[in-house]
Number of protein chains: 2
Amino acid sequence: MYQDFKLVEGRPAYVQVKEYLKRMIMKSVLQPHQKLPSTRELSELMSVSRNTIISAYLGLEEEGLVYTVKGKGSYIAQITASAAAPSWRLDWQERMNEQARMAEAMDLMKHGIRAERGTISFTSIAPNEKLFDLGNVKRAFLDRMAVEGEVLLNYGYAKGYKPLIDLLKQYMEQKGVDLAGKDLLITNGFTEGLDLVLSSLTKRSGAVICENPTHHTAIKNLRLHGYEITGIGMERDGIDLEQLEQALRRQSFDCAYLVPSYHNPTGIVMSPEKRLELMKLLTRYQVPVIEDGFNEELRYSGSHVSPLIAAVGQGNGVIYLGSFSKVLFPGLRVGWVLADQELIYYLESLKRARSIHTSTLDQSILYQYLLNGNLDKYLRKARTEYKRKYEWTKQCCEAYLPYNRLTGDGGLHLFVSFSEGADTRQLLEICKQRGVIFTPGDIFHTDGTGQHTMRLGFSRVSDEDIEAGIRIIGEAAREMFTQT
Amino acid sequence: MYQDFKLVEGRPAYVQVKEYLKRMIMKSVLQPHQKLPSTRELSELMSVSRNTIISAYLGLEEEGLVYTVKGKGSYIAQITASAAAPSWRLDWQERMNEQARMAEAMDLMKHGIRAERGTISFTSIAPNEKLFDLGNVKRAFLDRMAVEGEVLLNYGYAKGYKPLIDLLKQYMEQKGVDLAGKDLLITNGFTEGLDLVLSSLTKRSGAVICENPTHHTAIKNLRLHGYEITGIGMERDGIDLEQLEQALRRQSFDCAYLVPSYHNPTGIVMSPEKRLELMKLLTRYQVPVIEDGFNEELRYSGSHVSPLIAAVGQGNGVIYLGSFSKVLFPGLRVGWVLADQELIYYLESLKRARSIHTSTLDQSILYQYLLNGNLDKYLRKARTEYKRKYEWTKQCCEAYLPYNRLTGDGGLHLFVSFSEGADTRQLLEICKQRGVIFTPGDIFHTDGTGQHTMRLGFSRVSDEDIEAGIRIIGEAAREMFTQT
């Protein structure tokens with residue numbers, strides 16, 4: 001004992017000594033009322049300074065693990081023995097409810113495609129971390145800590161960090177939103193926002209309408225909340241309005257979930273005209289909208305498009321879910337819900353019940369980063385880089401892939417449809433063996449179709465790998481789809 | 001127009017000019033195809049440099065709000081008109097389900113006691129922010145950003161930040177926990193952990209057992225999840241085991257929710273002997289435990305106590321919910337669930353579905369802060385200060401309050417019971433008028449009792465105010481309770 005202690009770098013020595021002794025006590029290697037070596041002795045045995053040992057003993061005494069007898073030395077205290085109660089084992093899996101099982105079954109991180117080392121992976125649509133301006137993030141942190149560090153580290157409010165709420169309201173106003181009668185709630189990213197909204201709504205028809213294909217997380221969460229999903233096909237400029245009207249005529253829906261900009265996974269930006277027609281239609285049928293503001297900041301070209309919530313003016317039929325995750329830093333878990341103030345009032349209480357509030361540090365860093373005017377500068381840099389990559393990926397697809405339809409007006413991904421009958425799961429198997437992976441499109445479909453489609457995320461793939469990867473996919477596709 | 005523009009400090013000028021113009025465009029003050037002033041003209045009108053105007057125009061052009069005709073100048077683009085769709089209003093309140101309504105009704109921040117300026121408030125049990133060691137938090141942030149800033153700002157994992165998971169596992173092992181067959185999930189504080197656990201369990205009896213009184217958030221969340229609550233009375237050394245056994249004999253329970261250390265609100269630390277007997281009893285009746293590790297770090301004196309999860313060894317019947325919120329910084333929303341690995345596997349997927357993952361920045365700052373050995377130093381400082389405050393508060397209670405029972409073995413609050421028949425809601429009304437507020441104890445009770453009790457949180461009250469406040473409560477209590 002003691003001589004096997006090894007100091008590691010980067011942590012205070014006394015903490016390491018204390019933890020070493022604590023382990024010995026917990027494992028009953030050191031027994032209650034056993035005398036510890038003198039600080040001088042132990043300092044020699046463990047090859048650390050005597051002060052280190054003194055601090056470690058003091059720490060153990062503070063935790064009630066050691067007691068001192070004046071003039072005699074330090075002794076191990078009597079502690080409740082671990083593992084003293086009978087050890088009972090139960091089958092937790094058997095106790096999991098349907099929601100937990102479904103969450104596990106639909107968990108892409110567990111059942112999705114895994115990249116092996118060296119594989120060219122088109123599965124991610126997360127931003128490229130090489131673009132992150134760490135310097136400005138650090139500055140935002142230090143600026144904010146200097147202003148109100150104590151406030152940032154203590155409890156905040158469920159609704160969010162007030163300066164950020166105000167800034168985001170302005171930001172949304174500049175997108176043309178009429179704020180009258182509306183309010184804003186900060187969430188742990190888009191996903192918590194969607195979950196809160198779905199958790200609070202009364203089920204009437206229990207049916208939701210959305211684009212088909214659509215965001216996998218949304219499909220998952222709608223299903224977890226027990227909704228039936230009706231998917232509406234996509235045209236080149238967004239959702240198929242005729243098909244939508246047919247569905248609306250056929251049955252009633254509790255709400256619509258829509259991604260008007262850089263739609264995930266097709267990458268389509270809904271045209272301004274279609275946005276207007278869409279909102280007229282949904283208003284006529286009185287279907288409220290959950291609008292996913294996904295990546296609307298990543299505009300490379302074309303005309304300005306306003307979010308759907310801007311189109312309804314003082315109407316309150318649109319719930320807007322915003323986030324800078326994809327455009328800025330996904331690690332900062334900050335999103336927001338902008339909606340009718342009455343609705344926000346309830347969502348706030350639900351959020352408080354579930355997680356108290358969103359990290360104040362994350363919120364305040366984002367606030368200060370935006371206040372310092374970094375968003376515009378960063379977006380300029382990011383857009384330039386992603387646009388270049390987008391065009392290069394498109395060019396490679398056009399050169400190498402035997403596709404039927406290729407969509408994507410920008411953003412961080414393209415969507416490929418091969419001819420009907422093609423099977424991208426099989427294609428993936430072949431490509432995987434050749435060192436390339438992508439996301440098969442079936443997981444984005446609401447009706448079990450889409451076997452002939454795939455999504456290519458390019459944000460984190462190098463130019464060379466984009467070409468090499470797409471060439472390999474193209475070759476495999478030609479082999480497979482001419483055989484069938 | 002233009003001359004009414006006013007530059008504010010702290011934000012880049014071109015961002016302010018851009019936002020000003022954007023507002024004019026969104027409000028249709030500037031009309032589509034209208035020519036903008038030349039950069040030279042506008043720079044004079046708005047009293048900013050010409051470069052500022054050039055940058056602002058460039059920004060607007062990037063957003064598709066302005067277009068340039070070579071040799072002629074800049075023009076407002078045609079954008080989708082805001083408020084173009086018919087504005088439809090719906091009654092959201094009417095669409096709120098029972099869960100949302102209940103969360104609102106039980107929201108103490110909305111319906112609790114509000115402190116007016118100058119009031120002495122004993123309602124908070126949040127840490128005293130004056131103790132926060134901001135310097136070490138800053139250092140932890142900068143240290144970690146230097147190591148892997150890009151990683152911290154990009155997506156992390158639902159399970160948590162790996163270095164922190166490993167450190168917390170070690171930390172729990174040092175509390176005597178046998179990690180075999182167990183795993184750890186990082187959550188957005190204690191509250192998310194509890195919500196995830198309750199969200200994943202199949203309801204069998206639909207009944208939960210807990211201490212009475214107990215943590216209000218737990219009562220709220222158990223109710224939100226539709227559980228029936230059976231509260232068991234508290235003795236001086238923790239839950240009443242006889243009463244517990246009677247309840248266990250009478251009916252079956254899905255689980256028990258327990259706060260063994262610095263129990264909220266009574267402040268009682270369950271004795272080591274009772275912990276052991278409790279676990280034997282619950283094992284006999286096969287009731288799994290949700291253990292709330294609340295404040296177990298805030299030990300001022302007395303023997304070392306191990307958490308309940310340590311007592312069961314390799315058994316998997318205890319789900320431990322941990323958090324440094326109260327001892328360190330509540331603003332960092334980081335807690336953890338330590339439990340059977342099979343259970344954690346499902347909780348991880350549920351967490352991913354609901355909020356992707358906990359802020360990586362928060363996690364990494366906490367990790368580095370712990371790694372740097374700051375916890376021990378901070379706890380030493382905090383314990384000394386809180387212990388002093390605790391003893392002073394106790395002394396004041398003993399001097400001024402006509403209580404029947406006074407409990408609290410440390411922590412950040414004391415719990416006061418007056419004689420049966422006393423009404424602390426009425427007492428609060430009087431005290432409020434005299435400038436003092438506290439938390440009436442009824443909200444902590446599971447069965448509508450506790451009208452004669454109250455909680456006094458002292459962590460954020462000055463020594464003078466502690467004495468003055470308790471004296472006022474005592475005077476009012478004597479007046480009221482002798483009248484009745």
Side-chain angles (χ1 to χ4, degrees), chain A residues 12 15 22 26 64-65 79-80 82-83 85-88 92-93 95-97 100 103-104 107 126 129 132 134 149-150 153-155 174 176 188 191-192 195 200 202 272 279 283 303-304 306 310-311 313-315 317 329-331 333 340 342-343 346 349-350 353-356 359-360 362 373, chain B residues 12 15 22 26 64-65 79-80 82-83 85-88 92-93 95-97 100 103-104 107 126 129 132 134 149-150 153-155 174 176 188 191-192 195 200 202 272 279 283 303-304 306 310-311 313-315 317 329-331 333 340 342-343 346 349-350 353-356 359-360 362 373:
Chain A
V15 174
K22 211 166 161 181
M26 287 300 164
L65 292 166
I79 60 159
T80 349
S82 291
S87 121
W88 166 50
W92 281 106
Q93 193 177 352
R95 294 195 182 221
M96 292 294 94
N97 61 23
E104 194 281 324
D107 189 337
E129 53 204 34
F132 293 170
L134 294 186
E150 291 89 355
L153 291 179
N154 217 328
Y155 278 113
Q174 283 164 22
N188 298 333
T191 309
E192 196 200 34
D195 185 54
S200 71
T202 304
M279 289 318 295
T283 301
S303 62
H304 178 87
S306 302
Q314 299 206 353
F329 320 113
R333 302 303 306 147
D340 177 76
E342 188 87 39
L343 175 64
Y346 284 94
S349 288
L350 199 58
R354 291 196 170 173
S355 64
I356 314 281
S359 159
T360 316
D362 280 16
Chain B
V15 174
K22 212 166 158 179
M26 287 301 165
L65 292 166
I79 61 160
T80 349
S82 291
S87 124
W88 166 50
W92 281 106
Q93 193 178 351
R95 294 194 182 220
M96 292 295 93
N97 62 23
E104 193 281 324
D107 189 336
E129 55 204 31
F132 293 171
L134 295 185
E150 292 88 355
L153 291 180
N154 218 327
Y155 278 113
Q174 283 164 23
N188 297 336
T191 309
E192 195 200 36
D195 185 55
S200 71
T202 303
M279 289 319 294
T283 301
S303 63
H304 178 87
S306 302
Q314 298 206 353
F329 320 112
R333 303 302 307 145
D340 178 76
E342 187 88 38
L343 176 63
Y346 284 94
S349 289
L350 199 57
R354 291 194 170 177
S355 64
I356 314 280
S359 157
T360 315
D362 279 15

Undergrad: Kindly give the heavy-atom pair with the smallest separation between V15(A) and G373(B), and that separation in Å.
TA: CG2-CA, 4.0 Å
Undergrad: Determine the minimum heavy-atom distance between S349(B) and D107(A), stating which atoms define it.
TA: OG-OD2, 2.6 Å
Undergrad: Which atoms of D195(B) are under 4.5 Å from chain A, going by heavy atoms: the side chain, the backbone, both sets, or neither?
TA: side chain
Undergrad: Answer with side chain, backbone, both or neither: which region of Y155(B) has an atom nearer than 4.5 Å to a non-hydrogen atom of chain A?
TA: both
Undergrad: Any side-chain heavy atom of L153(B) sitting closer than 4.5 Å to one from E129(A)?
TA: no
Undergrad: Distance from F132(A) atom CZ to E150(B) atom CD, nearest 0.5 Å?
TA: 8.0 Å
Undergrad: I need the residue from G317(B), P12(B), S359(B) with the largest number of non-hydrogen atom pairs under 4.5 Å to chain A.
TA: S359(B)
Undergrad: Between the side chain of T191(A) and the main-chain N/O of R354(B), is any donor-acceptor distance below 3.5 Å?
TA: no
Undergrad: Under a 4.5 Å heavy-atom cutoff, which of Q314(A), M279(A), Q174(A) has the most pairs with chain B?
TA: Q174(A)
Undergrad: Looking only at heavy atoms, which two atoms of Y346(B) and Q93(A) are closest? And how far apart?
TA: OH-NE2, 3.0 Å
Undergrad: What are the two closest non-hydrogen atoms of N154(B) and P330(A), and how far apart are they?
TA: OD1-CG, 3.3 Å
Undergrad: Report yes if some heavy atom in the side chain of T360(A) is under 4.5 Å from a heavy atom in the side chain of R333(B); otherwise report no.
TA: no
Undergrad: How many angstroms lie between CG in L343(B) and CE in M96(A), if you round to the nearest 0.5 Å?
TA: 4.5 Å
Undergrad: N188(B) and S355(A): side-chain donor and acceptor closer than 3.5 Å?
TA: no
Undergrad: What heavy-atom pair brings S87(B) and G315(A) nearest, and what distance separates the two atoms?
TA: OG-N, 3.5 Å
